[in-house]
Number of protein chains: 2
Amino acid sequence: MLKNAEFTDKLRSSGLRPTKQRLKICEVLFNRDNTFHFTINDLAKNISKVLNERISLATVYNTVHAFKKKGYLKEISINSDKSYFDTNTTNHHHFFDEDTNELIDCDDGIIETPKIKKNISGKKINSVEVLVKVATDNQNQK
Amino acid sequence: MLKNAEFTDKLRSSGLRPTKQRLKICEVLFNRDNTFHFTINDLAKNISKVLNERISLATVYNTVHAFKKKGYLKEISINSDKSYFDTNTTNHHHFFDEDTNELIDCDDGIIETPKIKKNISGKKINSVEVLVKVATDNQNQK
DNA sequence: TCAATAGTTTAGAATAATTATAATATATTA
DNA sequence: TAATATATTATAATTATTCTAAACTATTGA
């Protein structure tokens with residue numbers, strides 16, 4: 001359980017002012033055992049539920065994007081209608097459960113990161129990620 | 001170059017009425033050599049340019065979704081702000097050029113489809129796809 | 001310590017993408 | 001060809017996100 005002081009330092013050291021709102025958002029995002037996959041709306045709801053306090057939606061957007069830019073969050077696009085963020089910023093793979101729209105981190109070793117035998121010329125590979133879409137067997141699949 | 005009659009048959013055989021609009025959209029989508037990656041807006045613009053005729057945007061949406069449901073198109077989510085569709089409906093991998101926002105099909109053999117060593121229990125794997133994000137070397141990467 | 005300033009937050013407006021509505025038109029069926 | 005089922009359309013509604021500009025807060029340094 002990280003303390004405010006630690007978040008304060010972390011924010012300041014990355015050039016972000018440690019405001020009340022940002023610290024609260026840190027609490028919600030990073031004071032947890034597991035990876036958190038969320039949409040901005042999820043997060044906003046979570047904040048008002050857990051902290052019993054309202055933070056302007058615009059601020060939640062600003063903060064999430066600031067955190068993403070600093071590398072504390074990662075954005076993941078599975079389907080067009082929702083943008084997910086992930087507190088696990090390491091290069092990793094995902095399962096996406098099409099029944100529940102749930103995004104699940106792949107544990108190390110479950111999927112080997114594939115080798116890219118030929119890259120686009122003049123470009124650098126920034127990431128290689130695998131997305132495995134699953135659903136219950138009887139479901140009509142996309 | 002497929003002819004109208006062929007599209008007509010194909011549509012009818014999948015339970016879609018071969019309307020004027022759908023046939024025109026088929027022409028634009030499927031009468032080409034290469035895979036076509038597009039957003040719905042791209043497609044709408046393409047139609048009015050190539051065919052010199054306007055199809056209501058709602059119809060373009062309806063049609064694209066109908067085609068997707070029938071498996072003639074595939075939806076691809078790379079980043080949250082845009083939803084791409086792909087006329088290549090086979091299981092395949094992509095490069096995404098972060099400089100130009102261009103989506104590029106991976107030729108067979110460039111990337112081996114990774115093995116999934118352990119699946120979510122009770123679920124069936126519907127797809128396994130790799131996305132390789134690239135950018136020019138000097139670019140600041142995400 | 002306090003004023004100046006730079007950076008943040010906020011509500012609400014603006015925008016953009018997509019979906020819904022309901023009237024009109026078209027294709028299919030019998 | 002009439003009855004019906006399905007599609008198309010313009011427009012309205014919705015939703016997610018970004019913009020704006022005013023009010024507020026943190027930082028700096030005199």
Side-chain angles (χ1 to χ4, degrees), chain A residues 4-5 7-29 37-48 51 53-70 72-73 75-85 101, chain B residues 4-5 7-29 37-48 51 53-70 72-73 75-85 101:
Chain A
N4 256 8
F7 289 131
T8 299
D9 290 352
K10 196 145 193 188
L11 286 173
R12 222 188 309 258
S13 74
S14 46
L16 295 172
R17 286 185 181 175
T19 64
K20 206 162 27 111
Q21 291 86 345
R22 284 177 178 163
L23 289 170
K24 298 222 167 275
I25 291 175
C26 281
E27 251 180 76
V28 172
L29 287 180
H37 291 126
F38 63 93
T39 66
I40 301 229
N41 235 310
D42 293 342
L43 179 59
K45 269 192 259 161
N46 227 292
I47 289 164
S48 43
L51 300 177
E53 187 157 337
R54 219 190 90 74
I55 295 181
S56 159
L57 191 59
T59 301
V60 181
Y61 270 94
N62 289 340
T63 304
V64 166
H65 285 126
F67 286 5
K68 178 187 161 189
K69 197 182 280 174
K70 295 299 176 184
Y72 301 140
L73 290 174
E75 191 169 5
I76 295 164
S77 295
I78 276 83
N79 56 18
S80 39
D81 31 304
K82 268 168 192 207
S83 186
Y84 290 82
F85 289 85
N101 271 26
Chain B
N4 256 8
F7 289 131
T8 299
D9 290 351
K10 195 145 193 187
L11 286 173
R12 222 189 308 256
S13 74
S14 46
L16 295 171
R17 287 185 181 175
T19 63
K20 205 160 31 113
Q21 291 84 346
R22 284 177 177 160
L23 290 169
K24 297 220 169 276
I25 292 174
C26 281
E27 251 181 75
V28 172
L29 287 180
H37 290 126
F38 63 94
T39 65
I40 300 228
N41 235 310
D42 293 341
L43 178 59
K45 269 192 258 161
N46 229 291
I47 290 164
S48 43
L51 300 177
E53 185 156 339
R54 221 189 89 74
I55 295 181
S56 158
L57 192 58
T59 300
V60 180
Y61 271 93
N62 289 341
T63 303
V64 166
H65 285 125
F67 286 5
K68 177 187 162 190
K69 197 183 280 175
K70 296 300 177 184
Y72 301 140
L73 290 173
E75 191 169 5
I76 296 163
S77 295
I78 276 82
N79 56 19
S80 38
D81 29 304
K82 267 167 194 209
S83 186
Y84 291 83
F85 290 85
N101 271 25

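Lettering of chains follows the sequences in order, A, B, ..., and the numbering in each one begins at 1. Everything quoted here is computed from the prediction, not taken from an experiment.
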Interatomic distance, K69(A) NZ vs dT8(C) P [rounded to whole Å]: 11 Å

N62(A) and T59(A) side chains, donor-acceptor separation under 3.5 Å: no

Least distance between heavy atoms, K10(A) atom then S14(A) atom: O-OG, 2.9 Å

Presence of H65(A) side-chain N/O under 4.0 Å of dT17(D) phosphate oxygens OP1/OP2: no

Given DNA chain C, 5'-ward residue of the pair P18(B) and T39(B), judged by closest heavy atom: T39(B)

Separation of dG7(C) P from K70(A) NZ (nearest whole Å): 12 Å

Rounded distance [0.5 Å steps], CG in L11(A) versus CG in L23(A): 6.0 Å

Smallest separation among heavy atoms of E27(B) and N4(B), with atom names: OE2-OD1, 4.0 Å

d(CD1, I40(B); P, dA16(C)) in whole Å: 17 Å

Rounded distance (Å) that lies between atom P of dT18(C) and atom CZ of F38(B): 12 Å

Qualifying residue, where the test is side-chain contact (heavy atoms from CB on, under 4.5 Å) with F85(B) and the options are L29(B), L43(B), T39(B), I40(B): I40(B)

Whole angstrom value for the distance that separates C1' of dT25(D) from CG of L11(A): 15 Å

Below 4.0 Å: OP1/OP2 of dA26(D) and any side-chain N or O of R12(A): no

Any Y61(A) side-chain N or O less than 4.0 Å from OP1/OP2 of dT18(D): no

Full working for side chain to side chain contact (heavy atoms under 4.5 Å, CB included) between I25(A) and F67(A): CA-CA 10 Å; I25(A) 291 175; F67(A) 286 5; 4.2 Å; yes

Under 4.0 Å protein heavy-atom contact, by nucleotide of nucleotides 2-12 of chain D - B base, S sugar-phosphate only: ---BBSSBB--

